[in-house]
Amino acid sequence: MRIAVYGATGFTGGLAVAELGRRGISPVLVGRDAERLHKAAVDAGVADAEVRVAGLDDPAALADAFAGCDAVVNAAGPFELWGEPVVRAAIAAGCHYVDTAGEQGYIQRILDTFGPDAERAGVTVVPAMADDGGPGDLIAGLVARELPGVADVLVVDARLPGAASRGTARSMAAVFAAGPLEYVGGRWRPATGDAPAITVPGEDDEVALTPFALPGVVTVPRHVRAGRVRSGIRTEVAQLFGSLTPDVVDSVPEVLDEEARRSTRWLMLVEAADDTGRRTRGWVTGPDAYGLTAVIAVEGVYRLVTGGAPAGARTPAQAFDALDFLDALAPHGVTWEVS
Ligand SMILES: NC(=O)c1ccc[n+]([C@@H]2O[C@H](COP(=O)([O-])OP(=O)(O)OC[C@H]3O[C@@H](n4cnc5c(N)ncnc54)[C@H](OP(=O)(O)O)[C@@H]3O)[C@@H](O)[C@H]2O)c1
């Protein structure tokens with residue numbers, strides 16, 4: 001199996017290359033600078049891995065760079081700026097595709113527009129395979145399974161403020177500026193109103209939320225028949241994202257060291273209610289937000305290549321068996337519950 005990683009010189013892309021190497025899968029590092037790609041291969045412990053150079057402004061060269069690979073992991077963000085040429089080239093090269101995007105508008109566009117091309121090429125395109133969009137969509141599917149007639153879904157990224165990479169800061173500043181969508185009565189529209197306070201596993205006090213553009217709002221309605229889907233994050237985290245001026249973004253470290261990575265913990269929580277007020281909730285949590293993002297993306301791409309998800313543009317829960325996928329993350333410290 002050969003997997004191309006676009007954005008392999010970045011923090012998340014480098015972790016994805018290392019995860020492929022750890023699994024004995026041949027990575028092909030693709031990006032715009034040969035020297036930096038070779039260094040990334042050495043840093044990821046796969047010094048002999050193949051390196052191919054292709055920029056985003058040359059679609060033919062990009063598709064050539066993916067030729068002969070089974071799939072592409074795209075970790076070059078912000079995806080609003082750089083994502084689409086990589087999706088297009090992956091499909092043109094006959095490769096399955098996953099990315100680590102958390103950007104709601106981009107994920108919506110990929111799911112809306114690339115399905116027919118992916119189907120014709122016989123490949124599966126799954127955006128949002130990071131620590132929020134992947135587990136969040138999978139746990140939402142399991143919650144909905146427990147609540148037939150689900151009407152209202154709230155998707156929450158309940159992580160505490162913590163260390164983040166410059167790439168994330170840059171992407172989240174743009175997401176904050178774009179504002180969140182909500183799904184109501186069969187359509188997406190700009191979110192209105194507040195998000196309700198919630199209780200979070202392991203915490204006594206209620207947590208205040210602010211509506212925020214999470215992937216779940218654009219992925220969950222594609223497989224859960226709910227009248228309303230909203231999303232939010234802790235108000236204190238939303239305030240941090242709101243303060244991300246270009247100068248602040250430039251001051252964020254590009255890479256988190258081991259200690260900073262270990263200090264991070266992510267927690268996706270989904271609350272659902274039916275019209276009678278019956279409620280179900282589920283949560284999924286794990287350590288090392290960036291390391292787990294690499295594991296989630298690589299696990300996804302491995303399953304696309306070996307498992308035969310239907311061709312097309314799919315959400316994580318449409319592409320993968322949720323129980324099986326979450327169980328595969330357990331050895332990495334991921335736990336989850338639906339109650
Ligand atoms: N949702 C989540 O939970 C989650 C978790 C992890 C990561 N992510 C997302 O993953 C993305 C990457 O994050 P990161 O911290 O790894 O960022 P990063 O370290 O800044 O890496 C960005 C990568 O994109 C490439 N790139 C940037 N501009 C490019 C261009 N014009 N042409 C070609 N390549 C270009 C860079 O290549 P060069 O070396 O050539 O500049 C680099 O390889 C971000 O969007 C982040 O939000 C999301």
Side-chain angles (χ1 to χ4, degrees), residues 4-19 29-41 43-44 51-59 61-62 65 72-86 89 98-107 127-137 155 157-159 162-176 212-216 218-219 231 233 237 241 244 249-250 252-256 260-261 264-268 284-286 288-298 316:
V5 178
Y6 199 79
T9 54
F11 179 38
T12 311
L15 293 173
V17 171
E19 176 63 14
L29 289 79
V30 189
R32 54 186 172 168
D33 185 287
E35 206 174 309
R36 284 208 302 276
L37 288 165
H38 280 296
K39 180 177 181 315
D43 291 348
V51 158
R52 299 181 187 173
V53 177
L56 298 170
D57 52 355
D58 187 343
L62 202 50
V72 174
V73 174
N74 185 11
F79 292 86
E80 278 287 359
L81 297 177
W82 319 126
E84 285 186 44
V86 184
V98 307
D99 65 38
T100 61
E103 295 154 59
Q104 195 183 69
Y106 162 81
I107 295 163
M129 287 297 285
D131 61 353
D132 51 358
D137 196 49
V155 180
D157 186 330
R159 82 187 68 198
S165 71
R166 189 181 304 169
T168 292
R170 192 178 291 123
S171 299
M172 288 303 107
V175 169
F176 186 87
F212 190 78
L214 295 183
V218 295
T219 60
S231 61
I233 59 176
V237 177
F241 287 153
L244 288 172
V249 168
D250 284 343
V252 174
E254 283 185 4
V255 170
L256 270 58
R261 269 178 63 191
T264 61
R265 184 152 200 99
W266 52 273
L267 168 61
M268 296 303 299
V284 51
T285 185
D288 184 6
Y290 290 90
L292 253 298
T293 288
V295 168
I296 289 164
V298 168

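One-based numbering, in listed order, for ligands and for the atoms of each. Position 1 is the first residue of the sequence; numbering continues from there.
For ligand 1, the polar-atom distance check against Thr293 finds no nitrogen or oxygen pair separated by under 3.5 Å. In terms of polar-atom proximity, defined here as any N/O pair under 3.5 Å, Tyr290 makes no such contact with ligand 1. At least one N/O-N/O distance between Gly10 and ligand 1 falls below 3.5 Å. Inclusion of Thr9 in the set of residues having an N or O under 3.5 Å from an N or O of ligand 1 is warranted. Considering backbone and side-chain N/O of Arg32, one or more are found under 3.5 Å from N/O of ligand 1. For a threshold of 3.5 Å applied to N or O pairs, the pair formed by Met172 and ligand 1 contains no separation below that value. No N or O atom of Pro78 sits closer than 3.5 Å to an N or O atom of ligand 1.
When only non-hydrogen protein atoms are considered, atom 28 (N) of ligand 1 lies nearest to Trp82 NE1, 3.2 Å. Ranking protein heavy atoms by distance to atom 48 (C) of ligand 1, first place goes to Thr100 O, 3.0 Å.
Ligand 1 lies nowhere less than 4.0 angstrom from a heavy atom belonging to Trp266.
The minimum heavy-atom distance linking Ala101 with Asp99 is given by the pair N-OD1, 3.0 Å.
Ion pair Asp131/Arg159 flagged as a salt bridge, since at least one NZ, NE, NH1 or NH2 atom sits closer than 4.0 Å to an Asp/Glu carboxylate oxygen.
For atom 1 (N) of ligand 1, the choice among Asp132, Leu256, Asn74 with the nearest heavy atom turns out to be Asp132.
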